[in-house]
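Since the structure is predicted, the reported quantities are computational estimates derived from the model, not experimental observations.
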Amino acid sequence: MISFIQEARGSGIPQGQFLDDIAAEKFIADRLGQLKNGAKTFDAPPGLGRIIHPNGTFTDAKHIRIVPSKSGVSSAFPIYQRE
């Protein structure tokens, strides 16, 4: 977790962190069929992720951004606001 805090402070950009890897994997897998047109942002269930802000504070993640690849998922991460 220290690296997430350092990354947020050093970059000035909030960092998302999943709090339950198994639940995150299921959340992502359940939405793979909805990614045919590219990356998509979904509402996050409570407790799935959090946001570490540059000032060191934490908030619950409100959304999850999933970016597909040709063979699955390129990236998935918690975010606070929709992009």
Euclidean distance, Ile79 CD1 relative to Thr41 OG1, rounded to 0.5 Å: 4.5 Å

Point-to-point distance, once rounded to the nearest 0.5 Å, from CZ of Phe42 to CG of Leu48: 12.5 Å

Which residues share a side-chain hydrogen bond (donor to acceptor under 3.5 Å, both in side chains) with Ser75, sequence neighbours left out: none

Which atom of Ala44 lies closest to which atom of Ala61, heavy atoms considered: CB-O, 3.7 Å

Verdict with supporting geometry, His63 and Asp43, side-chain contact (heavy atoms from CB on, under 4.5 Å): CA-CA 4 Å; His63 309 286; Asp43 290 340; 3.2 Å; yes

Side-chain (Thr57) to main-chain (His53) donor-acceptor, under 3.5 angstrom: no

Value rounded to 0.5 Å, distance of CD in Gln34 from NZ in Lys36: 9.5 Å

For Ser74, all residues meeting side-chain hydrogen bond (donor to acceptor under 3.5 Å, both in side chains), sequence neighbours excluded: none

Tyr80 vs Pro14 side-chain heavy atoms within contact, under 4.5 Å: no

Interatomic spacing from CD1 in Ile51 to CD in Gln17 - rounded to 0.5 Å: 9.5 Å

Separation between NZ of Lys40 and CZ of Arg65, rounded to the nearest 0.5 Å: 10.5 Å

Nearest atoms (heavy-atom pairs only) where Gly56 meets Arg9: CA-NH2, 3.9 Å

Inter-residue atom distance Ile64.CD1 - Phe77.CZ, 0.5 Å rounding: 9.5 Å

Residue list, side-chain hydrogen bond (donor to acceptor under 3.5 Å, both in side chains) with Lys26, at least two apart or on another chain: Asp30

